[in-house]
Amino acid sequence: MLKMSVNEVKDSRIDGIKTKIRVVPDFPKKGIMFQDITTLLLDSKSFKDTIDLFVERYRDMNISVVAGIEARGFIFGPPIALAIGAKFVPLRKPKKLPGEIIFEEYELEYGSDRLEMHARAVDSGDRALVVDDLIATGGTLCAAVNLIERVGAEVVECACVTELPELKGKERLEGKPLCVLVEYR
């Protein structure tokens, strides 16, 4: 699996990004180490560096669609899409999109959920990048990949700012390339 991470890319911007992500213990429940990106967003240099690193990676990969997972994929996805000349497609939680939709249901540790997108937002033959802030267990990212591939598009890669590798989410991607800027162990 192709994977870019803080350990594999020697770029000083990654250290700056990592210092701006606040780790909040026991939120939203005991035992969870919450990765709070709002502190990254408050630092314009680190936020820009995050976008720039992704843009540098994807600008020559002929990506035609950037699909952002609700809600934090909506923060990172649009500026990447604009910079690389791709359309942005929001992948939403249930009942948030008007009109005809397609959806993918998936299981969570505590139940089930689903992602929806507008029908015909992604075309067969499109080359897609799926963006979110974090990969933990990988359930949401897998649902996004399945949803996009079901319409005949190719998911070129998934991109996340952070990863919790102990939750083994990348294993659920079954070999789909993943780009992660910051790992937390």
Side-chain angles (χ1 to χ4, degrees), residues 21 24 26-38 40-41 47 50-51 54 58 63-82 84 86-181 184:
I21 299 171
V24 181
D26 299 321
F27 182 82
K29 63 182 183 179
K30 189 163 182 59
I32 302 290
M33 299 296 283
F34 185 78
Q35 311 300 304
D36 182 13
I37 60 144
T38 59
L40 169 68
L41 302 176
F47 184 26
T50 302
I51 300 303
F54 286 130
Y58 298 114
I63 304 291
S64 56
V65 174
V66 175
I69 297 173
E70 187 169 343
R72 288 171 272 188
F74 295 1
I75 296 168
F76 298 101
I80 295 167
L82 286 171
I84 67 173
K87 62 184 172 183
F88 177 75
V89 174
L91 303 180
R92 303 287 321 256
K93 298 200 172 159
K95 300 182 182 173
K96 302 284 185 177
L97 292 172
E100 186 181 350
I101 57 106
I102 61 171
F103 63 89
E104 180 77 20
E105 294 181 338
Y106 61 101
E107 296 301 315
L108 300 165
E109 314 79 84
Y110 50 83
S112 63
D113 208 346
R114 74 188 225 175
L115 284 178
E116 299 180 349
M117 76 176 178
H118 279 121
R120 295 178 293 286
V122 176
D123 298 315
S124 179
D126 272 338
R127 290 175 50 82
L129 170 67
V130 178
V131 177
D132 205 357
D133 68 319
L134 169 76
I135 179 169
T137 64
T140 307
L141 213 52
C142 284
V145 168
N146 292 341
L147 184 59
I148 291 166
E149 289 182 340
R150 187 166 5 116
V151 299
E154 173 191 2
V155 174
V156 175
E157 193 161 273
C158 299
C160 297
V161 178
T162 63
E163 176 187 15
L164 300 175
E166 70 276 5
L167 297 179
K168 302 182 185 333
K170 68 184 171 204
E171 291 176 14
R172 288 186 68 183
L173 293 176
E174 299 177 348
K176 187 62 63 189
L178 171 66
C179 173
V180 173
L181 297 182
Y184 284 94

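When a residue number appears, it is its place in the shown sequence, counting from 1.
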- line: Smallest heavy-atom separation, Ile37 atom then Phe76 atom, equals CD1-CE1, 3.6 Å

query: Which heavy atom in Pro78 sits nearest to a heavy atom in Gly73, and how many Å separate them?
result: CD-O, 3.9 Å

- prompt: To the nearest 0.5 Å, what is the distance between CG (Leu97) and NE2 (His118)?
  reply: 4.5 Å

- request: Could you grab the distance from atom SG of Cys142 to atom CD1 of Ile135, nearest 0.5 Å is fine?
  value: 7.0 Å

statement: Note: Phe88 and Gly68 closest approach over all heavy atoms is CE1-N, 3.5 Å

message: Once rounded to the nearest 0.5 Å, what's the spacing between atom NZ of Lys95 and atom CD1 of Ile101?
response: 10.0 Å

- prompt: Is there side-chain contact between Lys176 and Glu149, with at least one heavy-atom pair below 4.5 Å?
  reply: yes

message: Quick one: does any side-chain atom of Asp126 pair with a main-chain N or O of Ala128 as donor and acceptor, under 3.5 Å?
response: no

query: Within the side chain of Lys87, is there an N or O that forms a donor-acceptor pair under 3.5 Å with the backbone of Ala121?
result: yes

Within-4.5 Å side-chain heavy-atom neighbours: Thr137 and Arg172: yes

task: Compare every heavy atom of Thr162 with every heavy atom of Val180, then report the nearest pair and how far apart it is.
output: CG1-C, 3.9 Å

query: Is the closest side-chain heavy-atom distance between Ile75 and Phe47 below 4.5 Å?
result: yes

statement: In this structure, CD of Glu157 is separated from CG of Leu178 (nearest 0.5 Å) by 7.0 Å

Contact summary for Arg72 and Asp132, nearest pair of heavy atoms: C-OD1, 4.3 Å

field: From Ile32 atom CD1 to Phe27 atom CZ, the distance as rounded to the nearest 0.5 Å
entry: 10.5 Å

task: Determine the minimum heavy-atom distance between Cys160 and Phe54, stating which atoms define it.
output: O-CZ, 3.6 Å

task: With rounding to the nearest 0.5 Å, note down the distance linking CD1 in Ile102 to CG in Leu147.
output: 4.5 Å

- prompt: Less than 4.5 Å apart, any side-chain heavy atom of Asp133 and any of Leu40?
  reply: no

- request: Examine distances only and state if a side-chain atom of Glu105 and a backbone atom of Phe103 form a donor-acceptor pair shorter than 3.5 Å.
  value: no

Any donor-acceptor pair under 3.5 Å from Glu107 side chain to Gly139 backbone: no

query: Taking it one step at a time, do Leu91 and Ile148 satisfy side-chain contact (heavy atoms from CB on, under 4.5 Å)?
result: CA-CA 10 Å; Leu91 303 180; Ile148 291 166; 4.2 Å; yes

message: Set out, in order, the CA-CA distance, both residues' side-chain angles and the distance that settles side-chain contact (heavy atoms from CB on, under 4.5 Å) for Ile63 and Ile80, then state yes or no.
response: CA-CA 10 Å; Ile63 304 291; Ile80 295 167; over 6 Å; no

query: Got a salt bridge between Glu70 and Lys96, using NZ or NE/NH1/NH2 to carboxylate O under 4.0 Å?
result: no

query: Would you say Val151 and Met117 make side-chain contact, with heavy atoms under 4.5 Å?
result: yes

